[in-house]
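Each remark here refers to the structure printed beneath this line.
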Amino acid sequence: MAAGARAREPRFLELLFARRSVAVALVVFVVVLVACVLADVVAPADPARMSVRARLTPPGEAYRLGADAFGRDVLSRLLHAGRVSLTIGLGVALVSSAIGIAIGLLAGFYRRLDGALSRLIDAMMAFPDILLAIALVSILGGSIVNVVVALSIVYAPRIARIVRASTLVVRELPYVEAARALGSSTRTIMTTHVLRNIVSPIVVQSTFIFAYAMLAEAGLSFLGVGVDPSTPTWGTMIAEGRQYIDQAAFLILFPGIAISVSVLSLQIIGDGLRDAMDPRLAKDL
């Protein structure tokens with residue numbers, strides 16, 4: 001088994017990096033991630049330190065990416081804000097996946113629950129994502145935790161639908177029938193024989209949700225219903241800089257670029273994972 005696993009690993013990596021764009025996207029995202037995680041070390045200044053004299057200073061030697069309306073270093077705030085934005089995106093991907101997996105497995109494995117849970121999934125997906133997120137955040141209140149909870153509820157149906165569809169197929173396969181005939185418990189069959197064999201589409205969709213959540217957080221913050229304005233995120237930076245767009249467009253430009261680069265990288269990585277994990281697509285490469 002170990003030799004077989006070692007033989008398969010290069011094949012997976014070969015498929016994953018069959019397109020050069022995937023490798024480039026992975027490198028870019030890792031650089032952004034490491035820079036944000038190490039913001040306390042990498043940032044050139046305290047992101048909260050203000051200077052009236054430096055107010056709206058354009059990019060230069062003193063402030064590489066300029067200073068905002070309070071004289072705070074934009075580069076330092078960009079790195080610290082990225083840590084929060086990435087945390088929200090990762091949190092939403094994990095929580096929504098957990099919720100979606102639970103709902104999808106129950107809907108796909110228990111026929112009595114399928115109708116009700118499927119209608120719930122359809123009803124939630126009928127609402128535009130941003131409107132449902134605004135409603136939930138307005139009810140829960142603006143904070144990092146509440147934004148993660150709200151966006152997880154919004155995106156969980158996407159995972160649930162994929163898990164349900166995959167479960168309906170896998171539960172009828174011979175090895176699942178054999179496990180049932182041997183007396184395996186329903187819990188064991190669901191977790192060991194079903195869930196382990198539908199991990200690929202879950203991982204791919206979670207990668208996309210990571211990207212969607214970062215965009216959604218920026219949208220919520222721009223509309224004033226996201227995290228607390230005192231908490232720096234890329235979305236709050238854009239919201240703060242919009243009123244100075246005529247005289248200091250860089251206040252919106254740099255966080256906008258950070259969001260675009262991160263989201264695009266995640267989308268490309270997700271496409272690469274889909275191609276590598278789907279045997280049918282792999283044959284076409």
Side-chain angles (χ1 to χ4, degrees), residues 32-33 35-36 39 43-52 54-59 63-93 127-155 209-267:
V32 173
L33 180 63
C36 292
D46 182 351
R49 188 178 64 191
M50 303 181 187
S51 175
V52 177
R55 184 175 182 272
L56 299 180
T57 300
Y63 297 91
R64 295 180 181 178
L65 298 184
D68 65 7
F70 297 96
R72 297 172 296 190
D73 183 63
V74 172
L75 177 57
S76 300
R77 284 180 60 79
L78 192 71
L79 294 174
H80 283 81
R83 185 160 57 186
V84 179
S85 295
L86 290 169
T87 299
I88 291 175
L90 179 60
V92 172
F127 287 94
D129 293 345
I130 191 65
L131 293 183
L132 182 57
I134 291 173
L136 292 172
V137 173
S138 299
I139 295 172
L140 299 174
S143 70
I144 294 177
V145 174
N146 289 342
V147 168
V148 171
V149 171
L151 292 178
S152 297
I153 294 174
V154 170
Y155 292 120
I209 289 178
F210 193 155
Y212 299 152
M214 293 177 64
L215 279 176
E217 181 278 319
L220 291 174
S221 296
F222 186 81
L223 296 173
V225 293
V227 301
D228 190 283
S230 61
T231 302
T233 68
W234 288 335
T236 56
M237 290 184 68
I238 294 177
E240 292 173 356
R242 60 182 172 179
Q243 58 184 316
Y244 304 102
I245 189 170
D246 291 335
Q247 44 189 321
F250 60 87
L251 295 180
I252 292 179
L253 177 64
F254 293 125
I257 290 176
I259 294 174
S260 300
V261 169
S262 300
V263 170
L264 181 60
S265 298
L266 282 169
Q267 295 277 19

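Excluded from the calculations below are hydrogen atoms, water molecules and symmetry mates; all remaining heavy atoms, backbone and side chain alike, are included. Positions are given from 1 along the sequence.
- Between Ile252 and Arg242, some side-chain heavy-atom pair lies under the 4.5 Å cut-off.
- Looking at every heavy atom in both residues, Leu151 comes nearest to Ala213 through CD1-O, 3.8 Å.
- Side-chain atoms of Arg64 and Pro44, non-hydrogen and from C-beta on, never get closer than 4.5 Å to each other.
- Under the rule for a side chain to side chain donor-acceptor pair (under 3.5 Å), the partners of Asp228 that lie at least two apart in sequence or sit in another chain are Ser230.
- Heavy atoms only, all atoms of each residue included: Phe250 and Thr57 are closest at CZ-O, 3.3 Å.
- Put simply, OG on Ser152 and CD1 on Ile88 are 10.5 Å apart, with the number rounded to the nearest 0.5 Å.
- Residues passing the side chain to side chain contact (heavy atoms under 4.5 Å, CB included) test with Ala211 are Val263, Leu266, Gln267, sequence neighbours excluded.
- Tyr63 places none of its side-chain heavy atoms less than 4.5 Å from the side chain of Leu75.
- Here the closest non-hydrogen pair linking His80 and Ala43 is CE1-CB, 3.7 Å.
- In terms of the side chain to side chain contact (heavy atoms under 4.5 Å, CB included) criterion, residue partners of Ser265 (sequence neighbours excluded) are, by chain and number, Ala25, Val28, Phe29, Val261.
- Not a single donor-acceptor pair under 3.5 Å links the side chain of Trp234 to the backbone N or O of Ala81.
- Between the side chain of Arg55 and the main chain of Phe70, no donor-acceptor pair closer than 3.5 Å is present.
- Residues passing the side chain to side chain contact (heavy atoms under 4.5 Å, CB included) test with Ser221, sequence neighbours excluded: Glu217, Val227, Thr233, Thr236.
- When every heavy atom of Ser262 is checked against every heavy atom of Val32, the shortest pair comes out as OG-CG1, 3.7 Å.
- Proximity of Leu78 to Met237: side-chain heavy atoms (C-beta onward) are separated by under 4.5 Å at one or more points.
- Among residues two or more places apart in sequence or in another chain, the side chain to side chain contact (heavy atoms under 4.5 Å, CB included) test is passed with Ala239 by none.
- Distance check, rounded to the nearest 0.5 Å: CE of Met214 to CD1 of Ile209 gives 14.5 Å.
- Contact between Cys36 and Arg83 at its shortest, heavy atoms only, is O-CD, 3.5 Å.
- The nearest pair of heavy atoms linking Leu65 to Phe254 is O-CE1, 3.5 Å.
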Identify every side-chain donor-acceptor pair in residues 128-146 under 3.5 Å, counting partners at least two apart or on other chains, and give the distances.
{"unit_1": "Asp129", "atom_1": "OD2", "unit_2": "Arg158", "atom_2": "NH2", "d": "2.4"}
{"unit_1": "Ser138", "atom_1": "OG", "unit_2": "Ile134", "atom_2": "O", "d": "2.7"}
{"unit_1": "Ser143", "atom_1": "OG", "unit_2": "Asn146", "atom_2": "N", "d": "3.2"}
{"unit_1": "Ser143", "atom_1": "OG", "unit_2": "Asn146", "atom_2": "ND2", "d": "3.2"}
{"unit_1": "Asn146", "atom_1": "ND2", "unit_2": "Leu140", "atom_2": "O", "d": "2.9"}
{"unit_1": "Asn146", "atom_1": "ND2", "unit_2": "Gly141", "atom_2": "O", "d": "3.0"}

